[in-house]
2 protein chains.
Amino acid sequence: MNEFCYRYPHPAVTTDVVLFTIREDKLQLLLIRRRNPPFQGQWALPGGFLDLDEDLAACALRELKEETGIGNVYLEQLYTFGKPGRDPRERVISVTYYGLAPSESITLKPDTDATEAAWFAFGELPELAFDHRQIVDKAHERLAAKLEYSTIAFQFLPKQFTLSELQDVYETIRSEPMDKRNFRKWILGRNLIEETGGERRNGSHRPAKLFRNKHPGRVEIIR
Amino acid sequence: MNEFCYRYPHPAVTTDVVLFTIREDKLQLLLIRRRNPPFQGQWALPGGFLDLDEDLAACALRELKEETGIGNVYLEQLYTFGKPGRDPRERVISVTYYGLAPSESITLKPDTDATEAAWFAFGELPELAFDHRQIVDKAHERLAAKLEYSTIAFQFLPKQFTLSELQDVYETIRSEPMDKRNFRKWILGRNLIEETGGERRNGSHRPAKLFRNKHPGRVEIIR
DNA sequence: CCAAAAGTGTTGTTTATACACCCATGT
DNA sequence: ACATGGGTGTATAAACAACACTTTTGG
């Protein structure tokens, strides 16, 4: 007990993750229900304490995996929150990440750290533990900004996707409709995607051509 | 000695600051010479350990003040660096900030923590301690990006400035010349600045009109 | 009168916006 | 045949880029 001693006081360091996806044409994010105090029973971002031999991003990925079963997602460092008093137990610095996952690739497997993990529509979030509401707002702000000048939108989609699906991503996050012809002209003019040759038959209507990201895995700055 | 004990290991948390200014038509940044090991005698970013009751930004400002005598500058959180091994003593998480200061307002008063503080041209930096070179590069990248879509450039200038001075800021950071007429059309069309009515007589040539930022203190997103 | 930086418009090109109909498919 | 989402072009407006000479001052 209390065996880790230092000559000067040290804060605790955690990572927390805001993981977005798009389901049912809504922007949703992943929360876990806390099984321990403080804020026991309340919804919170997945996250936890940094291991001393572990990189920050690795910690974020590990906690996400442990608490929700989700791996293989795109994560990017968001901001570091550290106001004194944000955790009632001790001084905690939280290095936060945000991430995007295609809704297909995600299966929830809640584990020991959390009693429950679930997706919530961004517009219908419950009250969150700690200052997590502030973190969520910052993540949303960053996501919306980055949509406009990077290829981050592709991270919401599987390897192959239709132009309508891509447009849906933009419309959902911007929460306003876009003109179909202008959108297609714009995205095709960027030289970011190419036809796969395949098509998707999706119901009683004309099949849609499938596209792929020319530089998958990498989020690039455009404009 | 070793009186601060925890049940789990805690990393140390520091803040480091990349402070830019423009002098002699060059982008310069502020370094201190380390007076203690590790990296004793090498140049490094101003910064130091977080006090447990102190906000992160306050820590950055305090260390900057203590080590260089500079206060009252615009600081913005940059990124958090925490790779294991980046400090040979113990695990250290560094929450970094970058800042901009008008060259007029800065007087260096090196203090006890550092033997020396000095400005270096960005293109002629000495070898830096820790991973500070990486931090500097990230700060420069962010500064250059932010110049294009925010009003951050004003932070390099005093309250009143001429359009040529403002253009010099843009040209210095982008390191390429801009067309004078297009620049003036562009910046005046943003509705960000206004004439003060005064003018600056600066040598044997026509005096320049002085302008001021309409919303001083606030860095806004434009475009 | 000379040197030096301040100031000022027009034109062509590129990029963004507004807008409506036909196409291929499954039932 | 019809309902459904997929696919396509043109015209106008706005933003950007290229470009050179006159003005005011101090010495």
Side-chain angles (χ1 to χ4, degrees), chain A residues 22-26 103 144-145 147-151 153 157-158 160-172 174-212 220-223, chain B residues 22 24-25 145 147-151 153 157-158 160-172 174-212 220-223:
Chain A
I22 292 181
R23 341 175 95 195
E24 301 159 8
D25 278 333
K26 284 189 207 160
S103 55
L147 195 74
E148 302 301 321
Y149 66 89
S150 81
T151 59
L157 297 172
Q160 299 194 94
F161 50 86
T162 68
L163 292 182
S164 296
E165 288 170 335
L166 185 57
Q167 185 174 343
D168 282 343
V169 170
Y170 277 85
E171 289 181 334
T172 301
R174 299 170 55 155
S175 46
E176 61 183 15
M178 299 173 77
D179 179 83
K180 204 203 309 191
R181 283 170 292 188
N182 290 341
F183 177 78
R184 286 155 121 89
K185 242 179 305 174
W186 175 76
I187 193 70
L188 292 172
R190 295 304 98 160
N191 191 31
L192 297 168
I193 59 179
E194 60 193 359
E195 295 190 26
T196 66
E199 53 183 29
R200 168 169 305 159
R201 310 173 109 73
N202 216 9
S204 53
H205 54 81
R206 181 171 176 176
K209 288 182 190 163
L210 288 170
F211 289 80
R212 75 168 73 91
E220 297 167 276
I221 306 300
I222 53 181
R223 283 183 201 199
Chain B
I22 292 181
E24 299 159 9
D25 278 333
L147 196 74
E148 302 302 321
Y149 66 87
S150 82
T151 59
L157 296 172
Q160 298 194 94
F161 51 86
T162 68
L163 292 183
S164 297
E165 288 169 335
L166 184 56
Q167 185 174 343
D168 283 344
V169 170
Y170 277 84
E171 289 180 335
T172 301
R174 299 168 55 154
S175 45
E176 60 183 15
M178 300 173 77
D179 178 84
K180 204 199 317 188
R181 282 170 292 189
N182 290 340
F183 177 78
R184 286 155 122 88
K185 241 179 306 174
W186 175 75
I187 193 70
L188 292 172
R190 295 305 98 160
N191 191 31
L192 297 168
I193 59 178
E194 59 192 0
E195 295 189 26
T196 66
E199 53 184 27
R200 167 169 304 158
R201 309 174 110 75
N202 216 10
S204 53
H205 53 82
R206 182 169 175 175
K209 288 181 188 165
L210 287 170
F211 290 80
R212 74 167 74 90
E220 298 168 274
I221 305 300
I222 53 180
R223 292 192 188 192

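In what follows, chains carry the letters A, B, and so on, assigned in the order in which the sequence lines appear, proteins first and then strands, with residues in each chain numbered from 1.
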Rounded to whole Å, how long is the line connecting atom CG of L166(A) with atom C1' of dG7(D)?
15 Å
Between S204(B) and R223(B), the residue closer to the 5' end of DNA chain D by nearest nucleotide is R223(B)
First encountered from the 5' end of DNA chain C, between K209(B) and P207(A)
K209(B)
Tell me which nucleotide among dT25(C), dC16(D), dA6(C) gets nearest to the side chain of H205(B).
dA6(C)
Where D179(B) and N182(B) come nearest, the two heavy atoms and their spacing:
OD2-N, 2.8 Å
Name the one of T196(B), I187(B), L188(B), L192(B) that satisfies side-chain contact (heavy atoms from CB on, under 4.5 Å) with F211(B)?
L188(B)
d(CZ, F183(B); P, dG9(C)) in whole Å
18 Å
Check A208(B) against T162(B) and note the closest heavy-atom contact, atom names and distance.
CB-CG2, 3.6 Å
Integer-rounded Å distance: dC16(D) P and M178(B) CE
11 Å
Output a table of nitrogen or oxygen pairs between the protein and nucleotides 17-22 of chain C separated by less than 3.5 Å.
from    : atom 1 : to      : atom 2 : distance (Å)
dT17(C) : O4     : K185(A) : NZ     : 3.3
dA18(C) : N7     : N182(A) : ND2    : 2.9
dA18(C) : N6     : N182(A) : OD1    : 3.2
dA18(C) : N6     : K185(A) : NZ     : 3.2
dC19(C) : N3     : R181(A) : NH2    : 3.3
dC19(C) : N4     : D179(A) : OD2    : 3.2
dC19(C) : N4     : N182(A) : OD1    : 3.4
dA20(C) : N1     : R181(A) : NH1    : 3.3

Non-hydrogen atoms of E171(B) and M178(B) that approach each other most closely:
OE2-N, 2.8 Å
To the nearest Å, how far apart are E199(B) CD and dG7(C) P?
9 Å
W186(A) CH2 to dA14(D) P, straight-line distance once rounded to whole Å
22 Å
Would F161(A) and V169(A) count as a side-chain contact (heavy atoms from CB on, under 4.5 Å) here? Give the steps.
CA-CA 11 Å; F161(A) 50 86; V169(A) 170; over 6 Å; no
Distance col, row T172(B):OG1 vs L147(B):CG, nearest 0.5 angstrom, shows 10.0 Å
Is R184(B) touching bases, backbone alone, or none of the nucleic acid, heavy atoms closer than 4.0 Å?
base
Is R174(B) salt-bridged to E176(B), cutoff N-O under 4.0 Å?
yes
Give S164(A) one of three labels, base, sugar-phosphate or nothing, depending on what nucleic acid heavy atoms sit under 4.0 Å from its own.
sugar-phosphate
L188(A) CG to dT15(C) P: how many Å, rounded?
15 Å
Using whole Å, what does the distance between atom P of nucleotide dG7(D) and atom CZ of R200(A) come to?
11 Å
Take the protein atom CG of L163(A) and the nucleotide atom P of dC23(C), then report the distance between them rounded to whole Å.
20 Å
